[in-house]
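All remarks here apply to the structure that follows.
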Amino acid sequence: APTTGASIAGSGALTAVSDTKGIATLSGISANAFAGTYTVTASAGAKHITFTLTNLAAEQDVLSISPISAQIPYQGSVTLTASGGSGTGVLRFAFDPTDATATSFCELLTPAGNSVTVKAKQAGGSCKVIATKDGDGNYLTQSSTAVSIGTLKAAQTTLSVSPQPVSIAVGASIALAVTNTRPNSSSTFVVDPASAAFCMIKAGRTDTVIGIAAGVCTLQVTQTGDANYLDTALSAIVTIIPATPGALVLQAPASMTYGDAPAALSVTQQVSNATVDYRVVSGSCTIENGNLLKANAVGDCMIQASQAANANYAATSSTPVKVTVNKAAQATALVLVATPTTLAPAQQAVLSATGGDSNGAITYEQLAGNPSVCTLTGNTVTAVAPSTTGVTCQVRALMAGGSNYNDLYSQTITIGVANQPQAQITVSAASTSIALNATTTVTATGGSGVIKFSYALVSGATACALD
């Protein structure tokens with residue numbers, strides 16, 4: 001037998017045994033570990049015969065891959081390990097030649113020993129991998145059964161919502177964004193039903209949340225997938241805190257008149273639904289029925305509106321507003337009366353006035369005729385003399401308005417001043433007849449007042465004359 005390559009060996013003494021037909025059989029021969037052709041010589045006495053025996057390459061043990069199947073996500077991988085086989089041939093991994101789309105969905109990384117890593121290149125498909133162990137001098141080439149690897153959509157594991165955590169005031173809004181997103185993907189924000197009382201998504205802006213009441217707003221966020229990624233659900237928390245409203249703007253009249261009906265107060269720029277309280281900071285005004293301002297005295301009143309805090313809004317107030325209360329006109333006429341209304345020189349008339357609203361002090365004033373026709377002292381008019389120039393005796397009354405009313409004048413009245421008729425004047429002559437060029441004395445009696453008579457010739461100027 002050759003010293004290398006194939007050979008045979010016997011166990012102990014080998015003896016060929018002939019049968020009845022003269023055919024010799026040599027038993028106990030075994031081939032060595034090498035495949036190949038070797039020569040056998042049989043000897044019987046002086047006779048020798050040579051023949052050839054061939055040691056064939058054997059089948060390898062079963063070659064297999066584990067795991068026998070797998071599902072991997074996009075960009076994920078699985079390690080396949082081959083076991084079995086025989087001999088010293090090289091172990092190789094490859095896609096099944098019958099799988100025409102394998103390279104579209106999978107990638108074989110560099111093998112390491114008896115293992116290889118398969119990576120998913122695209123989701124939604126599969127690839128088949130086989131292991132092949134080359135033959136050697138003693139063993140034939142052996143391939144494994146194909147292993148099927150499915151490629152799945154991957155989860156979007158690096159996503160997050162920004163900003164987080166975050167808080168906004170009632171009535172405010174904030175735009176949220178999903179970070180680490182892929183191009184052409186979109187985000188959808190939906191208010192969790194349990195949070196519907198606290199927040200809402202702004203119309204036309206699916207990423208913007210508006211606070212409508214203080215509380216915790218939970219948002220369900222969906223980031224859309226694509227051919228290789230699954231839709232991903234996230235959540236975000238927006239804390240809605242009470243808002244700080246702007247100052248109230250108090251609407252009040254700039255001025256009122258004493259005695260006016262109460263004026264209604266109101267506010268603008270009101271965002272809270274809390275009750276508006278009105279109060280008098282200073283001045284002689286009062287608040288009636290919640291929002292009616294009553295002027296109790298002339299002067300300035302400072303008024304302020306305020307709202308207490310509630311669940312959604314902090315307390316707020318207005319800047320104090322000044323309301324000026326003016327004096328009122330006296331609506332009731334002041335009527336002046338003189339008793340009597342006509343006087344003779346030295347006679348007096350008493351003045352009196354009624355009416356007005358202030359109950360103020362009444363004074364009297366002379367408008368004309370002083371001092372030639374009449375004089376006024378207090379409420380007494382004294383006649384001096386009838387006017388010879390057309391000047392009359394005129395007076396009026398004045399009621400003081402006091403703190404809350406304007407002064408009020410009465411009507412002007414005229415008091416007549418005239419002389420009284422005198423007593424009858426009697427004229428007598430010492431002689432009722434006289435001679436030519438003689439004289440007689442004429443005497444007058446009667447009349448009133450300071451008597452100073454003057455005489456005049458009524459008729460008979462051709463017969464007599466006064467001297």
Side-chain angles (χ1 to χ4, degrees), residues 33 35 56-162 177-190 220-236:
L56 301 176
E59 295 283 342
Q60 296 186 39
D61 292 337
V62 174
L63 182 63
S64 62
I65 299 176
S66 63
I68 60 173
S69 66
Q71 301 286 330
I72 57 175
Y74 172 68
Q75 294 296 315
S77 63
V78 63
T79 298
L80 303 180
T81 301
S83 61
S86 305
T88 60
V90 175
L91 179 65
R92 293 175 289 105
F93 293 91
F95 292 121
D96 189 333
T98 65
D99 187 351
T101 62
T103 56
S104 297
F105 296 100
C106 301
E107 177 185 2
L108 284 175
L109 303 183
T110 302
N114 62 341
S115 298
V116 69
T117 298
V118 181
K119 183 178 180 181
K121 290 173 58 178
Q122 181 177 328
S126 65
C127 59
K128 294 179 180 180
V129 178
I130 60 173
T132 299
K133 188 169 185 179
D134 292 340
D136 57 14
N138 297 307
Y139 292 98
L140 300 173
T141 297
Q142 178 77 321
S143 294
S144 70
T145 301
V147 172
S148 180
I149 308 296
T151 59
L152 307 176
K153 289 185 178 183
Q156 302 178 66
T157 56
T158 59
L159 302 180
S160 62
V161 178
S162 176
V178 177
T179 60
N180 299 322
T181 60
R182 302 170 323 287
N184 302 320
S185 63
S186 60
S187 307
T188 302
F189 293 80
V190 177
Q220 302 299 336
V221 187
T222 301
Q223 185 69 23
T224 59
D226 55 20
N228 291 315
Y229 287 97
L230 297 167
D231 289 351
T232 300
L234 305 89
S235 63

(request) Verify the distance criterion only: is there a donor paired with an acceptor across the side chains of Thr222 and Asp231 at less than 3.5 Å? (result) no

(message) Can you see whether Gln223 engages Ser185 through a side-chain donor-acceptor pair at a distance of less than 3.5 angstrom?
(response) yes

(request) Test Thr145 against Val147 for side chain to side chain contact (heavy atoms under 4.5 Å, CB included), laying out the working first. (result) CA-CA 7 Å; Thr145 301; Val147 172; over 6 Å; no

Taking all atoms of both residues into account, what is the closest heavy-atom pair of [X] and [Y], and its distance?
X: Ser187; Y: Val178; answer: OG-CG2, 3.3 Å
X: Tyr229; Y: Lys153; answer: O-CD, 3.7 Å
X: Thr232; Y: Gln156; answer: OG1-CB, 3.0 Å
X: Cys106; Y: Val118; answer: CB-CG1, 3.9 Å
X: Asp136; Y: Gly89; answer: OD2-N, 4.1 Å
X: Ser148; Y: Ser126; answer: OG-CB, 4.4 Å

Under 3.5 Å: donor-acceptor pair, side chain of [X], backbone of [Y]:
X: Gln122; Y: Asn228; value: no
X: Thr132; Y: Arg92; value: no
X: Thr151; Y: Gly125; value: yes
X: Ser144; Y: Leu63; value: no
X: Asp96; Y: Lys128; value: no

(request) Report the distance from atom CG of Asp61 to atom OG of Ser86, rounding to the nearest 0.5 Å. (result) 3.0 Å

(request) Supply the atom-to-atom distance Glu59 CD to Thr141 OG1, rounded to the nearest 0.5 angstrom. (result) 10.0 Å

(message) Tell me which pairs pass ring pair (Phe, Tyr, Trp, His ring centres under 6.0 Å) where either residue lies in residues 85-123, with sequence neighbours left out.
(response)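 Every pair satisfying ring pair (Phe, Tyr, Trp, His ring centres under 6.0 Å) with a residue in residues 85-123: there are none.
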
Less than 3.5 Å apart, which donor and acceptor atoms pair up between the side chains of residues 64-77 and the rest of the protein, not counting sequence neighbours?
unit_1 : atom_1 : unit_2 : atom_2 : d
Ser64  : OG     : Ser83  : OG     : 3.4
Gln75  : OE1    : Lys119 : NZ     : 3.3

(message) Around atom NZ of Lys121, are there more than 12 heavy atoms from other residues, nucleotides or ligands closer than 6.0 Å?
(response) yes

Taking distance alone, no hydrogens or angles, what donor-acceptor pairs closer than 3.5 Å link side-chain atoms of residues 107-116 to residues at least two apart or in another chain?
unit_1 : atom_1 : unit_2 : atom_2 : d
Asn114 : ND2    : Ala82  : O      : 3.1
Ser115 : OG     : Thr81  : OG1    : 3.0

